Amino acid sequence: MTRRDAGAHPGSGVASCSKAKLFLAFCPLLLAGGFAVWQVSTWPVRLRYPGEQNYVEGMRLVEMVHLREGVPIYAPPSPERFDAAIYGPLYYLLGAHLIDPNAPAYFPLRVLSLFATLGCAAGCAVLAYWLTGKLLAAVLAPLIFLSYSMVTLHGLSARCDVVALCLFFWGFLVAFRFRNSSRLLLAVPLMLAGFFYKHQFVAGPLAVVVFLIMERRYRLAAAFIGLMGGSVIGILALLQFVVFQGQDFLLHIFRFNLLAFGLPQFQAGVFACAILFLVPLLVALEALRVRREKLILLYLLAAVGLALVALGKVGSDSNYYLESICLLSALFSTTYVDRAEKACAPLELLVLLGFALFLGQFMTLPVPAAGDFKRDEVIQQYLRNNFSAKAPALSYYAGDLLRAGLSLPISDLYQYSQIIRKGTLPGDHLISSVEEHHYKVIVLSCDLGRGDWEQSCVKRYLTPELAQAILKNYHLVKRLEFPLPERAGSADHFYAWVPRSNAEAAPTIK
């Protein structure tokens, strides 16, 4: 080998490794960016779709219309009316001012969620950049976040989840930025706003308290607890005794939220969590092992742990995973950048990223198609043509009926039935209303006459007693096909039930 050849190899090796690093820096952006573009490309049609896409959007829309019309939504249940109103009052107060009560639509609330989703993505970028100081991490983190289908599911929804998460997450970012000074208390207003938008994502405040105690900064911990806890208690008292005077605000916010714990549902939720997040969690823990950021580790453990506990509650959904996705996205990008700096080819992380994002596509709802717009319009025309405006109606699909101009005295049939099942409230009021033909139409997603109740809406959102009362006092008059985004399990058809006349014989109930 000549001297020239001997001197060429080291330089060419460095150049080759540099090219490999450049290539591998581009690969995760291409991979995550592809999934993110795939999700984001569906956003315009999801925003425009007039029907419900997230199972409970309509119930919340009804409650906001009621609040806008001056109905006391936190009043105790009565034979005439029940509004669940189980989420934060800030959500209802803001939403009631965004919608038009004469033409209620999901669009304004979905746009609000969209901006909150982008805010969460920006928070992922900021956290990744603070941890690495690298632009690659700041770009990769939000792309990973936006790649998850459940982010699109909730991030383009009229629900309150993503807005509350955005407020809590940015509150935590403020606390993390000023974790070594008393300016950490600047996080409290954002966390308070998140709590009163939806009291779910409390892992951040919990992590801050534990962190300060572990650091033996007891005075600052006491100040944080006092400021946060005192504000929560004071605002709750203000809402109960002043803003919603004469209503049972605290009953709705706390007791009506305490549904039964279901072991099968908990097991299914834990299994789904393991499938979706085990790989990103292991990669995230590697980033924290290198950096030893105690506050972020506490936040991650609290977010995952509280989500797992909450998954057992009846009615729990994939929204409990959202906080974990924010953190895991930032930490995965951090680990990738760390390895790319130290190794010429972190191919294993690229494979793990692709695997994680592939699994992240399995919890999504179909994109509304032209046929879904048509099916929604058919349902709207049927309701408008056959029932008078403000006619009392009952349905799990409350938003469809509200948009057709009907009145929904029961905004959340699912929550009401679950509260009755638990024994918190008696079911006599609702059954009496059905027996007295108070509702001009009852819309269900099953034909009660078939009798297969274990696989029907009875198991999902009715009590057996209520189902029997409907079957005795109402009869099926119309069956229409549901739009694809509104289907859940076997709920593929819209069944309209109207009161029986006195001459009609009620069926025998087995």
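These figures come from a predicted structure and were not determined experimentally. Note that the numbering runs from 1 along the sequence shown for the chain.
S433 contributes a side-chain N or O that, together with a main-chain N or O of H429, makes up a donor-acceptor pair within less than 3.5 Å. Distance alone, capped at 3.5 Å, is enough to place a donor-acceptor pair between the N386 side chain and the Y382 backbone. A donor-acceptor pair under 3.5 Å is absent between the side-chain atoms of E435 and the main chain of N473, judged by distance alone. In terms of modelled atom types and a separation under 3.5 Å, the side chain of H252 and the main chain of D83 share a donor-acceptor contact. A donor-acceptor pair under 3.5 Å is absent between the side-chain atoms of S113 and the main chain of A158, judged by distance alone. Of the possible polar contacts, none joining the R403 side chain to the A105 backbone as a donor-acceptor pair under 3.5 Å is found. Between the side chain of R479 and the backbone N or O of F494, no donor-acceptor pair lies under 3.5 Å. A donor-acceptor contact shorter than 3.5 Å is absent between the side chain of Y49 and the backbone of P485.
Taking CZ of F482 as the reference point, atom CG of D376 lies at 10.0 Å (rounded to 0.5 Å). To the nearest 0.5 Å, atoms SG (C457) and CG (L413) are separated by 9.0 Å. Separation of atoms CG (L67) and CD1 (I99) is listed at 8.5 Å; rounding is to 0.5 Å.
Under the 4.5 Å side-chain criterion, counting only non-hydrogen atoms from C-beta, R421 is in contact with T463. Between I379 and P483 the shortest side-chain heavy-atom distance falls below 4.5 Å. Taking the side chain as every heavy atom from C-beta outward, W170 and L173 approach each other to under 4.5 Å. Residues V443 and Y495 form no side-chain contact, since every pair of their non-hydrogen atoms from C-beta on lies 4.5 Å or further apart. Counting heavy atoms from C-beta on, the side chains of F145 and L328 never come closer than 4.5 Å.
Y92 and F196 have their aromatic ring centers separated by at least 6.0 angstrom.
Heavy-atom neighbours of R384 CZ from other residues, nucleotides or ligands within 6.0 Å: above the threshold of 12. Residue K422 places its NZ atom among more than 12 non-hydrogen atoms of other residues, nucleotides or ligands, all under 6.0 Å distant. More than 12 heavy atoms of other shown residues, nucleotides or ligands fall within 6.0 angstrom of atom CH2 in W43.
Here the shortest heavy-atom pairing between G155 and T117 reads CA-OG1, 3.0 Å. In terms of heavy-atom proximity, D412 sits nearest to A84 at CB-CB, 3.6 Å. I86 and N257 make their closest contact through O-ND2, 2.7 Å (heavy atoms, listed as atom of the first residue, atom of the second, distance). The minimum heavy-atom distance linking A393 with L401 is given by the pair CB-CD2, 3.2 Å. Across all their heavy atoms, P76 and D248 have their closest contact at CB-OD2, 3.5 Å. Shortest non-hydrogen contact noted between W497 and C446 is NE1-O, 3.9 Å.
Ionic pairing of K472 and E465 is not present here: no N-O contact between side-chain nitrogen and carboxylate oxygen is shorter than 4.0 angstrom. By the 4.0 Å N-to-carboxylate-O rule, E63 lies close enough to R60 to be salt-bridged with it.
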(request) Might you work through the side chain to side chain contact (heavy atoms under 4.5 Å, CB included) test for L383 and Q381, ending with a clear yes or no? (result) CA-CA 6 Å; L383 292 172; Q381 287 180 354; over 6 Å; no

(request) Decide side chain to side chain contact (heavy atoms under 4.5 Å, CB included) for Y461 and L444; before the verdict, give the C-alpha distance in whole Å, the side-chain angles of both, and the deciding distance to 0.1 Å. (result) CA-CA 9 Å; Y461 57 83; L444 305 175; 3.8 Å; yes

(message) Quick one, T152 with Y148, criterion side chain to side chain contact (heavy atoms under 4.5 Å, CB included). Give me CA distance, side-chain angles, the key distance, then yes/no.
(response) CA-CA 7 Å; T152 290; Y148 277 89; over 6 Å; no

(message) Test ring-ring contact (aromatic ring centres under 6.0 Å, His included) on F244 and F249; report intermediate values, then the result.
(response) CA-CA 7 Å; F244 302 111; F249 169 75; 5.6 Å; yes

(message) Show, in sequence, the C-alpha distance, side-chain angles and deciding distance for Y320 and L306, and conclude whether the side chain to side chain contact (heavy atoms under 4.5 Å, CB included) test is met.
(response) CA-CA 8 Å; Y320 290 103; L306 291 176; over 6 Å; no

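Between the side chains of R500 and H475, no donor N or O sits under 3.5 Å from an acceptor N or O. A donor-acceptor pair shorter than 3.5 Å cannot be found between the side chains of E52 and Y397. Side-chain atoms of Y396 and S417 include no donor-acceptor pair closer than 3.5 Å. A donor-acceptor contact closer than 3.5 angstrom is absent between the side chains of E57 and Q53. There is a side-chain donor-acceptor pair under 3.5 Å between Q39 and Q361. R159 and N54 share a side-chain donor-acceptor pair at under 3.5 Å. Between the side chains of H154 and S318, a donor-acceptor pair is found at a separation under 3.5 Å. Side-chain contact annotation: Q200 with N319, donor-acceptor N/O pair under 3.5 Å present. A side-chain donor from one of Y299 and E323 sits under 3.5 Å from a side-chain acceptor of the other.
Classified by interplanar angle (parallel below 30°, tilted 30° to 60°, perpendicular above 60°), the ring pair F195/H199 is tilted.
In this structure, C326 and C120 have their SG atoms no less than 2.5 Å from one another.
Under the side chain to side chain contact (heavy atoms under 4.5 Å, CB included) criterion, S407 pairs with P409, sequence neighbours left out.
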